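As a basis for the values below, the full set of heavy atoms in this structure was taken, side chains included, without hydrogen atoms, waters or symmetry mates. Keep in mind that this is a model prediction, so the values were computed, not measured.
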Amino acid sequence: REFITAQGNISKQKTWTNNRKGEAWQTEGLSVDGDGLLGRREDYLAEVPDGVVLLTAGVDTQDNRLEVEVVGWGKGYESWGITKKILYGNPTQPQVWADLDAVLLAPYRMEDGTELHVAATLQDAMGHHTDEVYTFTGRREYRRVFSSQGRSGAGRPVVGKLSKTTKGKGASLVPVGVDTIKDQLFEWLKLEDRAPGYCHFPKNEEYGDEFFKQLTAEKKTKRYRNSLVVWEYKKTRERNEALDCRVLARAAVNLVGVDLDKLAELGRPYTFNPARGLARKKRGVRSSGARQ
């Protein structure tokens with residue numbers, strides 16, 4: 001009965017395998033076919049479909065552009081791609097950052113007219129233009145816009161303990177357990193029917209063939225280090241910005257610290273006004289680790 005109940009829920013499957021079967025959960029060769037995801041796109045009835053209770057964003061920084069995805073989350077981490085933007089411009093100049101701010105501040109509307117805003121954003125600061133990323137996020141932490149650093153390796157929390165930098169108004173740096181999230185995400189992407197973790201994508205140009213190739217551009221492989229087995233994700237193609245954005249958007253859920261299932265049960269999406277940001281006494285970030 002427990003095995004049957006666990007189907008479609010990655011967290012429960014892991015628990016059953018570990019505790020009942022007495023075996024380690026394995027994700028050998030974990031990868032996903034992007035072509036199948038392309039054919040699974042949907043016509044949304046609204047910019048933000050019913051079922052979404054929280055919006056987050058992930059941002060990837062390149063030498064000549066910023067890439068950002070806004071993702072909607074619902075019960076059991078069911079997700080909906082809302083928008084994926086490529087913002088071309090030199091990150092040493094202010095215009096591309098203004099373009100990014102416009103995406104993060106925009107209202108996104110549900111079918112009943114309810115407007116949701118991005119409640120938390122993570123931007124990778126360890127690649128290109130680190131100082132510019134710190135400057136951008138350091139001035140916007142009151143809106144839960146934070147710099148991040150990916151941490152590979154099994155068992156790392158989704159979000160770790162924040163640290164302060166000396167750059168960008170003393171910007172905070174959020175460690176992100178990227179392999180932990182990729183394990184989750186790749187299992188979710190393999191789901192073919194609606195279930196906890198199922199991923200929805202809109203049928204539009206933003207979510208085209210290139211997006212899905214990037215989203216599935218890594219594979220989990222096994223190698224040996226000092227006679228020990230080490231599992232790690234390796235690129236199968238050069239560009240993987242869509243995957244990086246989605247990983248950061250998933251990690252940003254933990255910064256908000258809300259119960260997605262409870263919000264969905266109550267039918268109350270998390271409304272966040274970025275113009276006001278967080279109340280002064282609540283500006284800290286809740287780091288809930290690898291909570292499922």
Please check this pair: side chain of [X] against backbone of [Y], looking for a donor-acceptor N/O pair closer than 3.5 Å.
{"X": "R239", "Y": "Q214", "answer": "no"}
{"X": "R41", "Y": "L38", "answer": "yes"}
{"X": "T180", "Y": "R156", "answer": "yes"}
{"X": "D261", "Y": "G76", "answer": "yes"}

Problem set entry | Audit row: E111, E47, side-chain contact (heavy atoms from CB on, under 4.5 Å) steps and yes/no | CA-CA 8 Å; E111 190 174 2; E47 189 175 24; over 6 Å; no
Would you check if there is a donor-acceptor pair between the side chains of [Y] and [X] at a distance under 3.5 Å?
{"X": "E232", "Y": "S152", "value": "no"}
{"X": "T83", "Y": "E206", "value": "yes"}
{"X": "R40", "Y": "Y198", "value": "yes"}
{"X": "Q123", "Y": "T61", "value": "yes"}

Problem set entry | Test salt bridge (Lys or Arg N to Asp or Glu O under 4.0 Å) applied to E67 and K85, R246, K84, the passing residue |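 One option only clears the test, and that one is K84.
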Could you tell me whether [X] and [Y] make a salt bridge, using a distance below 4.0 angstrom between a side-chain N and a carboxylate O?
{"X": "D183", "Y": "K220", "value": "yes"}
{"X": "E218", "Y": "K182", "value": "yes"}
{"X": "E241", "Y": "R65", "value": "yes"}
{"X": "E78", "Y": "R194", "value": "yes"}
{"X": "D101", "Y": "R143", "value": "yes"}

For this session: Decide yes or no on ring pair (Phe, Tyr, Trp, His ring centres under 6.0 Å) for F212 and F201, but give the supporting numbers first.
Result: CA-CA 10 Å; F212 292 105; F201 303 99; 5.0 Å; yes
Grab the two heavy atoms, one from [X] and one from [Y], that are nearest each other, plus how far apart they are.
{"X": "A252", "Y": "A120", "result": "O-CB, 3.5 Å"}
{"X": "T137", "Y": "A171", "result": "OG1-CB, 4.1 Å"}
{"X": "A217", "Y": "N240", "result": "CB-CB, 3.8 Å"}

For this session: Look at the aromatic rings of W73 and Y77 and report parallel, tilted or perpendicular, splitting at 30° and 60°.
Result: perpendicular
Exercise. Taking only residues two or more places apart in sequence, or in another chain, which ones meet E265 in a side-chain contact (heavy atoms from CB on, under 4.5 Å)?
Worked result: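 With sequence neighbours excluded, E265 shows a side-chain contact (heavy atoms from CB on, under 4.5 Å) to K262, given in chain and number order.
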Problem set entry | R237, CZ: over 12 other non-hydrogen atoms inside 6.0 angstrom | yes
Exercise. For K164, does the NZ atom have more than 12 heavy-atom neighbours from other residues, nucleotides or ligands under 6.0 Å away?
Worked result: yes
Exercise. Going by side-chain heavy atoms closer than 4.5 Å, which hydrophobic residues are tied to V118, directly or by a chain of links?
Worked result: Y44, V48, V52, L55, V59, L66, V68, V70, W80, I82, L87, V96, W97, L100, V103, L104, Y108, M110, L116, V133, F136, V145
Problem set entry | Between Y233 and F186, ring centroids under 6.0 Å | yes
